[in-house]
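Indexing begins at 1, ligand by ligand and atom by atom, following the structure's order. When reading the values below, keep in mind they use all heavy atoms of this one structure, side chains included, and skip hydrogens, waters and symmetry mates. Predicted, not measured: the structure shown is a model, and the values here were computed from it.
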Amino acid sequence: MAEIGNTKYLSHRVAGLKPSGIRKFFDIAATMKDVISLGIGEPDFTTPKPVLEAGIRSLQRGETHYTSNSGKLELRQAIADNLFRLYGVKYDPVTEIIATVGVSEALYLTMTAILDPGDEVIIPTPCFVSYQAEVLLAGGVPVEIPARMEDDFQVDPARIAAAITPRTKAIFVGYPSNPTGAVATRETLLEIAKLAEQNDLVLISDEIYDRLVYDFQHVCVPTLSESIKRRTILLGGLSKDYAMTGWRIGYAAGPADLIKGLVRIHQYTIMSAPTTAQDAAIEALTNGEPFVQEMVTEYDRRRRLLVDGLNRLGLKTFQPRGAFYAFPNIRASGMDDETFAEKLLKEEHVAVVPGNAFGPGGEGFVRACYATEYSKIEEALHRMEKFMQRYG
Ligand SMILES: Cc1ncc(COP(=O)(O)O)c(C=O)c1O
């Protein structure tokens with residue numbers, strides 16, 4: 001019998017998806033020794049010890065079963081309390097919050113819940129690689145709006161307004177931004193939210209990096225107004241703020257009717273987020289604040305080192321105010337971003353990600369993540385200096 005090892009069996013939707021441009025570089029880097037990776041977008045810190053211990057205690061208590069589909073009520077309460085403490089925004093933990101397997105799952109649930117075939121979602125780019133893919137998987141059409149370095153990588157609301165059509169269903173925002181480190185001001189967000197209101201659109205806000213901001217007060221989109229909150233799905237998670245990428249806990253918060261839709265998909269595809277991780281997340285949200293502060297202070301030190309260093313090398317870098325990425329313009333090297341990243345990896349063993357992996361507007365830039373030890377960033381800059389002496 002013939003083996004099913006043939007892409008002809010894949011749906012058009014899946015066969016047409018581009019592989020992530022980030023993974024390709026890790027595969028090359030994994031075959032090399034001595035690589036300093038500024039490529040991967042995750043904290044180098046291990047999860048804070050009390051959080052680890054809460055996970056261990058959960059297992060020792062024998063908490064090895066499913067939880068409620070939406071997640072343990074205690075976790076949803078901790079998420080609601082945290083959002084209220086930080087931003088003064090109120091969500092009902094029973095009907096307005098679902099715990100998910102990372103923001104990744106929350107993105108999937110959101111798109112699948114709101115999109116009919118052909119519905120358009122406006123997505124400012126460069127952006128996290130999953131946004132467009134999740135829209136496509138749900139049968140929708142991503143409408144990409146590039147932001148520019150001259151605008152501090154904040155999307156121009158006028159360009160969003162011009163992209164709205166009768167098929168537009170939602171506007172996506174994601175600040176602090178992966179890959180640029182840009183944040184959005186209250187004024188910009190208000191203008192975008194107004195467009196959502198005027199055109200009766202859903203507003204989706206991925207705020208996974210909300211706590212990782214430097215000299216900036218994060219603006220939580222549902223706090224803009226009660227009426228904006230009523231059309232916003234807020235996505236957040238533990239991966240970045242609490243160094244918990246491997247635990248896989250995120251959440252969506254929003255109007256009960258919309259969250260009900262997300263829960264319905266989640267109950268058939270996931271059942272419930274991992275129980276051990278839910279218990280660890282409760283500890284993180286309840287007692288994790290000092291650890292967040294400690295990590296932010298260290299990221300900030302690394303941010304200054306990397307951004308100053310890149311600018312000194314002639315790689316013009318916008319001052320990131322959030323997340324843990326620098327997004328240098330590499331045109332001074334005379335190369336495009338793919339060639340730059342490939343040569344830098346092969347010749348100097350420093351891994352960065354070509355900007356075009358993050359969509360239109362990313363060409364000519366690379367993403368360098370500073371969630372890496374200070375001394376490694378120093379060494380990476382030293383290697384990049386040699387590289388730029390050859391090509392700059
Ligand atoms: C902007 C953004 N959103 C969502 C995610 C997904 O995170 P997770 O699924 O670990 O919560 C990431 C991960 O890199 C991200 O950068």
When you measure from the heavy atoms of [X] to every atom of ligand 1, does any distance fall below 4.0 Å?
X	value
Tyr251	no
Gly102	yes
Lys240	yes
Arg248	yes

Quick test: of every protein heavy atom, which one is nearest to [atom], and how far off is it to 0.1 Å?
atom	value
atom 6 (C) of ligand 1	Ser104 OG, 3.5 Å
atom 1 (C) of ligand 1	Asp206 OD2, 3.3 Å
atom 7 (O) of ligand 1	Ile208 CD1, 3.3 Å
atom 12 (C) of ligand 1	Phe128 CZ, 3.4 Å

Checklist line | Pi-cation contact, Tyr91 with Lys229 (under 6.0 Å, within 45°) | finding: yes
Exercise. Looking at Tyr251, does the NZ or CZ of Arg76 lie under 6.0 angstrom from its six-membered ring centre and within 45 degrees of the ring axis?
Worked result: no
Assess, by modelled atom type and distance only, whether the side chains of [X] and [Y] contain a donor and an acceptor separated by less than 3.5 Å.
X	Y	result
Thr95	Asp92	yes
Tyr391	Glu347	yes
Thr188	Gln154	yes
Arg303	Gln319	yes

Below 3.5 angstrom, do we get any N/O pair linking Ser239 and ligand 1? yes
Under 3.5 Å between any N/O of Val103 and any N/O of ligand 1: does that happen in this structure?
yes
If we number the atoms of ligand 1 from 1 as shown, the ones under 4.0 Å from a heavy atom of Tyr131 are 1 (C)
- Item | ligand 1 atoms in contact with Tyr209 (distance to a heavy atom under 4.0 Å) |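 Listed by number with element, the hits are 1 (C), 14 (O), 15 (C), 16 (O).
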What one should report as the nearest heavy-atom pair of Arg383 and Asp34 is NH1-O, 3.0 Å
### Task
Might you point out which heavy atoms bring Gly236 and Val103 nearest each other, and give the distance in Å?
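Distance-wise, the nearest heavy atoms are O-CG2, 3.2 Å.
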